[in-house]
Amino acid sequence: MSTEIVLTGIKPTGRVHLGNYIAAIKPALQIAKDSDCTALYFIADYHALTFIQNRDEFNELSYGIAATWLALGLDPDRVIFYRQSDVPEIFELSWILSCLTSKGLMNRAHAYKAMIDTNEQLGVDTDTGVNMGLFTYPILMAADILLFQSDKVPVGKDQIQHVEIARDIADGFNRNYGETFKLPNYVVDENTSVVPGLDGRKMSKSYSNTIPLFETADELKKLINKIKTDSTPPNEPKDPHTSNVFLLYKEFATPSQTQVFRDKLVKGISWGEAKQELFQVMNNYLEKPRNKYNDLMASREQIDRILFEGAKKARALAAPMLEKVKSKIGR
Ligand code: ADP
Ligand code: TRP
């Protein structure tokens, strides 16, 4: 295949929120639409298994991510769209790569390190709550990426290290066995690299400060009203560049709407009114996808069919690459 390969995955560990959408899903959909790349987007369900070990929750969240991508306009005829666990070649490659990856590299991976640091602070055993899946998480991610010879990996900022680890692993393999894997590059949308949550910290399910993407209109309104703002009084000019309300607004509005809203802030509309406008523009934008999401979640066979077809296409690419890797290692 001569076109550029663009690949990304999202792990189903919670309901999709605005941070996931703005920083990961929206740019990925844009790339698939605008360029004549080969796009592979997938549900990283076995990555989620490192965190979600309740059967119903795991199942529900996996369908939720699939329905989200589809509701937001992913076209399965243009994008190879699959569930990671439907492509066994990934896990075979993951084992091969794990044998060639030093433990030290994993010790430095940020998600694992963060858990160790927290445990140390709490004065408990450093390995408390750490399963081997979490420890080797970046190797599985490297297998996801390298098996498809990905050129570009659109991700949020916190995933940069993982893509760099995939590069290191690919480079190590290539040095030992000769040129085999392409070295992938991450793509981070700098303008929206960190989407703030309700409390102003990074929006994350770990901080319980999220606005779920497909919340009902009423809930959405309530959550928008909770967004933390500064104490500039009504009528006083507000700085759009430091405003979380503005940051979210521009993601859902046309450039001309954004300009008008910017002017209003500078002239000094109240935060209350600004939030009302944010709600209008967001709700308008999300209404159709929300309905589609709800329809898809009520008809899971539809999702299954699409994922099944996607997995067939993914495996058709994965199998010959895995064979190549196996022949390189002498199998
Ligand atoms: P969470 O932080 O809620 O656990 P995930 O780690 O599952 O979210 O993130 C999935 C994707 O969305 C990743 O690419 C991540 O970088 C991106 N992402 C999540 N939250 C944000 C945010 N607040 N700002 C920017 N990107 C985000
Ligand atoms: N680790 C990513 C996240 O937490 C999800 C993921 C798994 C991924 N495999 C990937 C992202 C491969 C890009 C490419 O968001």
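Ligands are counted one by one from 1 in listed order, and the atoms in each one are counted from 1 as well. Sequential numbering from 1 along the given sequence is applied to the chain's residues.
Nearest protein neighbour of atom 1 (N) of ligand 2, counting heavy atoms only, is Y137 OH, 2.7 Å.
Residue T8 approaches ligand 2 through these ligand atoms, each under 4.0 Å from one of its heavy atoms: 11 (C), 13 (C). Every atom of ligand 1 is numbered from 1 in the order shown, and the set under 4.0 Å from a heavy atom of K11 is 5 (P), 6 (O), 7 (O). If you number the atoms of ligand 2 from 1 as listed, the ones under 4.0 Å from a heavy atom of V153 come out as 13 (C), 14 (C). Close approach to A44 involves these atoms of ligand 2, each under 4.0 Å from a residue heavy atom: 7 (C).
For E309 and K312, the salt-bridge test passes: some basic side-chain N is under 4.0 Å from an acidic carboxylate O. Comment: K292 does not engage D295 in a salt bridge, judged by the lack of any side-chain N to carboxylate O separation of less than 4.0 angstrom. Using a 4.0 Å cut-off between charged side-chain N and carboxylate O, E215 and R290 make no salt bridge. By the 4.0 Å N-to-carboxylate-O rule, D151 lies close enough to K182 to be salt-bridged with it.
At under 3.5 Å, a nitrogen or oxygen of K202, whether backbone or side chain, sits near a nitrogen or oxygen of ligand 1. Of the N or O atoms in A24, none lie within a sub-3.5 Å distance of an N or O in ligand 1. At under 3.5 Å, a nitrogen or oxygen of M203, whether backbone or side chain, sits near a nitrogen or oxygen of ligand 1. Note: an N/O pair closer than 3.5 Å links K205 and ligand 1 by distance alone. Polar contact with ligand 1: absent for V194 (N/O pair, distance under 3.5 Å). Residue-to-ligand polar distances place D144 within reach of ligand 2: an N/O pair is separated by less than 3.5 Å.
The aromatic ring centres of Y137 and Y112 sit 6.0 Å or more apart. Y186 and H162 have their aromatic ring centers separated by at least 6.0 angstrom.
Partners of F308 by ring pair (Phe, Tyr, Trp, His ring centres under 6.0 Å), not counting sequence neighbours: none found. Considering only residues two or more places apart in sequence or on other chains, R175 meets the side chain to side chain contact (heavy atoms under 4.5 Å, CB included) condition with D171.
Remark: of the listed residues D263, L265, T258, L265 is the sole one forming a side chain to side chain contact (heavy atoms under 4.5 Å, CB included) with P240.
At a 4.0 Å heavy-atom cut-off, ligand 2 touches F42 through the side chain alone. In L140, neither the side chain nor the backbone holds a heavy atom less than 4.0 Å from any atom of ligand 2.
Between the CG atom of L317 and the CG atom of L7 there is a distance of 10.5 Å, given to the nearest 0.5 Å.
No heavy atom of I10 sits closer than 4.0 Å to any atom of ligand 1.
Distances from atom 13 (C) of ligand 2 to the heavy atoms of A111, G9, A23 put G9 nearest. Among K11, H47, Q159, Q84, the residue whose heavy atom sits closest to atom 7 (C) of ligand 2 is H47.
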